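The structure displayed is predicted, hence computed values, not measured ones. We name chains A, B, ... by the order of the sequence lines, and we start the count at 1 in each one.
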Protein chains: 2
Amino acid sequence: MTSTPPRRKRATVHDVAREAGVSRGTISRLLTGEGYVSAEAREAIEAAIRKVGYVPSTTARNLVRQRTNAVGFVVHEPHSLFLEDPNIGEILLGANEALSEDDYQMVCLVIGSDRDSERVARYLRGGFVDGAVVVSARAHDPITAVMRTSQLPVAFVGHPPDLQGQSWVGIDNLASAQEITARLLATGRRRVGMIAAALDRDSGADRLAGFTRALGDRFDPALVAPVDLYSYSEGAAAMSALLERAPDLDGVFAASDALAAGALDALRRAGRRVPEDVGLVGFDDSAWARRCTPQLSTVVQPAAGLGRAAARSVLAQIAGDQTEPAAILLDTPIAWRASA
Amino acid sequence: MTSTPPRRKRATVHDVAREAGVSRGTISRLLTGEGYVSAEAREAIEAAIRKVGYVPSTTARNLVRQRTNAVGFVVHEPHSLFLEDPNIGEILLGANEALSEDDYQMVCLVIGSDRDSERVARYLRGGFVDGAVVVSARAHDPITAVMRTSQLPVAFVGHPPDLQGQSWVGIDNLASAQEITARLLATGRRRVGMIAAALDRDSGADRLAGFTRALGDRFDPALVAPVDLYSYSEGAAAMSALLERAPDLDGVFAASDALAAGALDALRRAGRRVPEDVGLVGFDDSAWARRCTPQLSTVVQPAAGLGRAAARSVLAQIAGDQTEPAAILLDTPIAWRASA
DNA sequence: CCGCGATGTGTGAACGTGCACACACTAGCG
DNA sequence: CGCTAGTGTGTGCACGTTCACACATCGCGG
């Protein structure tokens with residue numbers, strides 16, 4: 001109905017050229033920092049830019065340069081997990097830091113629904129970004145396929161099972177889960193259970209595998225409580241269920257700190273003391289770990305480091321320095337505190 | 001040194017035209033859904049698109065259309081607050097939902113440093129987005145000035161003091177702080193303190209003002225502990241300080257749930273029972289509120305609603321439906337639980 | 001037979017940049 | 001004087017779309 005609003009037209013390089021009495025080329029050379037611009041031309045141009053309020057059009061520049069100096073940060077999360085998982089924020093900040101150093105703009109794209117998924121795919125393939133960091137992709141995620149066919153430089157944080165020839169950054173979930181379980185056993189616990197989550201992702205499945213391997217003969221499948229999300233409430237519910245099945249439980253490995261915090265609450269409600277009656281260990285070393293009373297013993301996940309490493313990999317691919325897909329594993333120290 | 005990597009050139013509309021034996025115009029009409037395309041032309045074009053793997057260039061489209069169908073979501077937060085504040089995640093998802101409904105892409109821009117600030121300003125002014133939602137801007141934030149001079153449709157969540165003629169969405173911090181303080185007093189508390197935060201923003205200052213007004217004659221400035229951030233650890237520290245100054249304290253209003261959670265921990269450590277010895281109320285109704293034991297009585301901040309309202313305002317400005325700057329206040333019910 | 005609206009198609013001109021190239025001037029050197 | 005290298009400047013074209021316009025065909029009524 002209504003015609004386009006009569007917004008003021010923006011100043012272009014032509015306006016500046018007319019105002020400063022030079023040609024477009026000279027302005028372009030000044031702005032792109034190529035040199036070969038006389039002092040007087042420089043001053044005239046700078047004055048003209050201020051006068052007409054000129055700002056270069058990112059869009060036009062992107063079109064002719066065939067690159068945007070922007071990298072996408074794709075978050076694909078169901079509502080609740082995005083809010084509960086403190087790692088994502090850390091990963092994001094780490095990636096932003098690395099991109100910022102190379103003067104790249106990070107654009108964070110959130111996928112909440114299938115509709116979002118399509119739109120984001122269109123954007124990514126439409127030359128909107130020079131590359132992308134993808135976090136928490138699931139098995140058979142449409143985005144994974146899009147990234148493969150589009151040939152866009154990409155690095156995944158974590159690796160969905162259907163990754164082919166694409167770079168990823170992660171931690172050794174299996175080894176670190178095995179290690180912390182072993183340390184829990186070394187405190188003398190005899191009946192140790194696990195709250196496992198997100199078994200459709202590598203992180204979840206590998207943590208369970210590490211737990212199983214550490215227990216060896218002593219592994220009892222009845223002591224594993226699988227849940228969907230790494231959330232506080234699921235942790236509390238799983239812990240209650242576990243206590244009902246095995247009242248003699250004296251140790252628990254929770255697949256994330258949020259789960260452990262929920263479990264801690266359920267244990268307290270059930271009258272169990274931590275660590276006296278039950279030893280509890282978590283995973284991530286997120287804010288949860290220090291916030292709990294007692295503070296959690298946990299595997300330190302270098303979240304910011306993961307973001308940085310993923311971003312650097314994408315930048316290297318863009319620059320052409322990294323041509324082969326790489327898998328990067330970061331170290332995971334263990335923070336041994338009071339909960340076990 | 002190295003020349004540009006020999007990346008495969010992307011297919012353009014010309015390639016499709018040649019392949020399908022039609023002209024560019026017909027393809028454009030099909031893709032933009034204008035109609036006036038015969039059935040046979042449509043089929044030929046669709047087949048050709050699949051064959052050559054054509055994806056429209058967002059950049060070129062944006063240039064000629066003078067719009068991007070994207071809205072920026074600008075987060076300006078120091079490291080720690082961004083991670084601690086659960087509201088931002090909710091606001092983001094609410095905004096994304098509203099934008100998604102109108103087929104707009106949300107691009108989230110994170111400002112972590114001054115360098116980021118400049119780069120983001122360049123992007124916003126460079127025609128990269130059609131509008132922006134800005135959260136948690138501070139007093140004299142450079143972004144506020146950029147938004148003013150650039151004439152870009154914008155809506156702030158919360159209102160920094162130097163807002164001029166720009167739309168914003170928020171809650172009545174003063175009235176709701178006054179209301180919950182009054183309810184706390186109605187439970188019979190006589191010595192009520194407050195943990196105040198972020199007094200350089202409207203939210204922080206207004207919550208303190210509401211508290212003061214509710215107390216009237218009984219207000220004692222010694223019972224106010226001001227801190228910088230809405231964080232758990234600052235809440236714990238402030239609570240300890242407050243108890244030292246006034247051991248006879250029997251009620252506390254914390255300016256956020258995160259602060260309240262920290263305060264709760266400090267109270268427990270000091271041997272005070274909640275709510276028996278001390279009544280505690282918070283603000284936000286974030287995940288913290290239900291997670292604490294006992295659960296917090298608090299002011300419900302409609303975070304997702306704020307995001308949605310801000311996004312809708314920006315969309316209305318883009319469409320030209322909203323020409324005057326508007327201030328939108330959302331309702332804040334009170335959730336009365338167990339902590340007071 | 002002309003005019004008219006509806007449907008379908010092709011063509012040229014933008015959009016606002018960057019880049020390659022041509023050109024002008026100066027200084028230095030044989 | 002001519003040749004070269006260095007510096008500074010202007011011009012045409014390309015980037016990949018969309019949009020306005022011109023044009024063609026058809027059916028139909030006056």
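In this structure, B:Arg42 atom CZ and C:dG8 atom P are separated by 11 Å, rounded to whole Å. Nucleotide C:dG16 holds its P atom 16 Å from the CG atom of A:Leu31, rounded to whole Å. If you measure from atom CZ of B:Arg65 to atom C1' of C:dA14, you get 15 Å, rounded to the nearest angstrom. Rounded to an integer number of Å, the gap from CD1 of A:Ile27 to C1' of C:dG18 is 13 Å.
Positionally, the nearest nucleotide of DNA chain C for B:Arg29 lies more toward the 5' end than for the other of B:Leu63 and B:Arg29.
For A:Arg119 and B:Ser100, the side-chain atoms include at least one donor-acceptor pair closer than 3.5 Å.
Residues A:Arg65 and A:Thr32 have side chains in contact (heavy-atom distance under 4.5 Å, counting atoms from C-beta outward).
No contact: B:Glu40 has no heavy atom under 4.0 Å from any strand.
Once rounded to the nearest 0.5 Å, the distance linking CE of B:Met106 with CG of B:Leu92 reads 3.5 Å.
Nearest nucleotide to the B:Thr26 side chain, out of C:dT9, C:dT17, C:dC15: C:dT9.
Side-chain atoms of A:Arg67 and base atoms of C:dG18 include no donor and acceptor less than 3.5 Å apart.
Put simply, chain A comes within 4.0 Å of DNA chain D, heavy atom to any atom, from D:dT7 to D:dG16, going 5' to 3'.
Taking a cutoff of 4.0 Å between a charged side-chain nitrogen and a carboxylate oxygen, B:Glu46 and B:Arg50 do not qualify as a salt bridge.
Nearest heavy atoms, B:Arg10 versus B:Asp15: O-OD2, 4.3 Å. Here the closest heavy-atom approach between residue A:Ala310 and residue A:Val133 is recorded as CB-CG1, 3.9 Å.
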